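To keep things clear, I will list the structure first and then write my remarks on it.
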Amino acid sequence: MDKTPVVSDADDKVLRKQTDRRELQQIITGLTEGVILVEPDQSIVWANQAALDMHGVEDFKQLGANASEYRDRFRLRYRNNHMVQPGSYPIDRVIAGEGFSDVIVEVYPAHDEEQYWVHRVRSLVLTNSADEPDCLVLILHDATDWASAEQRFEKTFNANPAPAVICRLSDQRYIKVNQGFLEMTGYAREQVIGRSVYEIDVFESADHRELAVERMGEGATIPQMEAVLRLPRGDTKAVVVAGQPIDIGEETCMLFTFVDLEPRKKAENALRQSEERFEKSFRMTPVPTVLLTADDFVVLDLNSAFTATAGFTHEEALGKSIDEMALWSAEVRAKIAASLAKSGSLRNVEFQLQNKDGDTLTCLVSAEVVSIHSKNCLLVAFLDITERKRSEMELVFAIETVMQDASWFSRTLIEKLANVRRSSMPEGGSARLADLTSRERDVFDLLCRGLADKEIAKELALAPNTVRNHVSTIYAKLEVHSRSEAIVWARERGFFGLPAAESPRRKKTAG
């Protein structure tokens, strides 16, 4: 009698299904992606190790017996922080027969929100020979590291003060904007996100707009170029924009960065206006003025007053150094250079200069180092005082001629005359009061008090010829040529003669 057990068709179908499931499980056990198998009746029948690790459990039973228990044990949250509601869980959607891919959710235990994973989930429905759902599959990819990197990028992107936006190249719409861009333009975030690059046109009036559009279509780097951004208030802003392709998740995007040109434009306008004011002032000033290079004194520009005084035309002077023009001597040049090196400026210092015809000019020279177009230059002004000095000297000599006897000159007038003479005399001089003998000092003292030769002779009990000889010797030693010049010489050096009561004669008489 044959005792072989009889297997019904139904039992055979169950055995084949179990065999198929075991083979399926063996195939997917070693996959790095997580796999969860769900029956059409919502029961969770198996999960591989990767799926368990992505939920922080050791056995698939800890996931829950079915979809309802899974929802009780795990909370899901979208990347925008909105919670996933019951019925919208990936396990609910696959049970409903929905096919989906690339659903990204944050998963964390219901009792511990500190621990979480990021899953990228897609669904798979396995059917039997009758094309009926036989096994429902959730395939999980651990995107936690990717999400952390994206989060770090998001924080860095938002914290970067440089204005920036990111557009998705597939539809050329903005998906990210940082605070720097919002502050620069005045847009609100919701006014930017979702709009196309042509609604908020980053290449308007760009130097090479066609190149930028072409590069964006190719997903290639867009070089820096100047453009104009239209702002929400209706005005515009000049910017420099550049584009760099980057990947955000699985999508190719373009990162646009901007430099606000408004501060630079304002600075350029202010500089241009300042230069225009300087140009007008330079041209119109009646004071002879020349602009030189700071290092070698080459003429960069000159005004009409300089041409009138020095005799050099614009064409004759431009590009030549002051040395070539022989406007001043090597000694004068050295003194001016030394003063500029010491203090950076020169104020009303008297120098002897020469014009184009070789005539000597007495000028008060002022100079200042200035920056023009980021280069150090020298602005030099010459005040011609030749005629004034000549008039002063003529007055002095006229007075000396008619006033040979200065006995009635008031002390104030003598001192004023001395001041005029002092300002006109060259520096230095070898004559010294100490070179006079004691007797010559006595004579010089009385001479400075305005006494004539006969009066000096009487005062000192000397012969008139002796007095005249002393006076001649005094003139030679002091390098003067007249009585009034000797008086001025003494006043310049603070020697005012002795009072009459202290004169040598009176002392002798008193004794």
Side-chain angles (χ1 to χ4, degrees), residues 331 348-352 359-364 384-511:
E331 181 183 2
N348 294 325
V349 180
E350 185 176 317
F351 290 112
Q352 299 294 319
D359 298 329
T360 299
L361 305 176
T362 302
C363 296
L364 294 178
D384 186 2
I385 59 172
T386 306
E387 290 301 321
R388 190 185 80 186
K389 298 291 289 188
R390 183 179 294 117
S391 298
E392 291 175 353
M393 291 305 299
E394 288 175 352
L395 176 62
V396 170
F397 288 125
I399 294 174
E400 289 177 349
T401 301
V402 300
M403 302 300 296
Q404 294 296 325
D405 184 358
S407 60
W408 58 277
F409 265 24
S410 70
R411 180 181 299 275
T412 300
L413 183 58
I414 289 294
E415 290 175 357
K416 287 183 178 179
L417 190 61
N419 289 335
V420 173
R421 167 71 74 171
R422 185 185 302 114
S423 66
S424 304
M425 288 181 60
E427 296 181 1
S430 58
R432 294 183 303 165
L433 199 61
D435 293 337
L436 303 182
T437 65
S438 176
R439 177 57 70 188
E440 289 167 351
R441 284 288 297 273
D442 292 339
V443 173
F444 187 61
D445 166 61
L446 297 174
L447 182 151
C448 289
R449 291 198 296 111
L451 274 66
D453 290 352
K454 291 182 180 180
E455 294 173 319
I456 295 174
K458 182 179 179 180
E459 187 75 14
L460 298 178
L462 297 174
N465 287 338
T466 302
V467 171
R468 282 192 290 272
N469 291 336
H470 282 313
V471 170
S472 297
T473 303
I474 291 170
Y475 286 177
K477 288 184 177 181
L478 299 184
E479 299 178 354
V480 297
H481 304 90
S482 65
R483 184 179 297 269
S484 60
E485 192 173 351
I487 294 172
V488 172
W489 187 98
R491 296 301 185 272
E492 289 174 346
R493 289 155 179 79
F495 182 81
F496 298 101
L498 296 173
E502 296 180 25
S503 67
R505 174 73 173 174
R506 294 179 184 277
K507 286 181 180 179
K508 185 176 180 180
T509 304

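Given the structure is predicted, the values throughout are model-derived calculations rather than measurements. Residues take their numbers from the sequence shown, with the count starting at 1. Side chains are part of it too, since the values below use all heavy atoms of this structure and drop only hydrogens, waters and symmetry mates.
- Interatomic distance, CG of Leu446 versus NE2 of His470, reported as 11.5 Å (0.5 Å rounding).
- A donor-acceptor pair under 3.5 Å is absent between the side-chain atoms of Asp445 and the main chain of Arg441, judged by distance alone.
- Nearest heavy atoms, Thr362 versus Asp384: O-OD1, 3.4 Å.
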Quiz item: Where do Thr466 and Arg439 land on the side chain to side chain contact (heavy atoms under 4.5 Å, CB included) test, with the steps shown first?
Solution: CA-CA 11 Å; Thr466 302; Arg439 177 57 70 188; over 6 Å; no

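- Distance check: Ile456 CD1 to Phe444 CZ gives 10.5 Å after rounding to the nearest 0.5 Å.
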Exercise. Please report the C-alpha distance between Asp453 and Arg483 in whole Å, then the side-chain angles of each, then the deciding distance to 0.1 Å, and finally whether the side chain to side chain contact (heavy atoms under 4.5 Å, CB included) criterion is met.
Key: CA-CA 10 Å; Asp453 290 352; Arg483 184 179 297 269; 2.4 Å; yes

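- Considering every non-hydrogen atom in both Ser482 and Tyr475, the closest pair reads C-OH, 3.4 Å.
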Practice problem: Using the side chain to side chain contact (heavy atoms under 4.5 Å, CB included) rule, take Lys477 and Leu436 through it: C-alpha gap first, then chi angles, then the decisive distance, then the call. | Solution: CA-CA 7 Å; Lys477 288 184 177 181; Leu436 303 182; 3.8 Å; yes

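- The shortest non-hydrogen separation linking Glu479 to His481 is O-CE1, 4.3 Å.
- Partner of Leu447 under the side chain to side chain contact (heavy atoms under 4.5 Å, CB included) criterion, out of Val467, Ile487, Asp442, Ile474: Ile487 alone.
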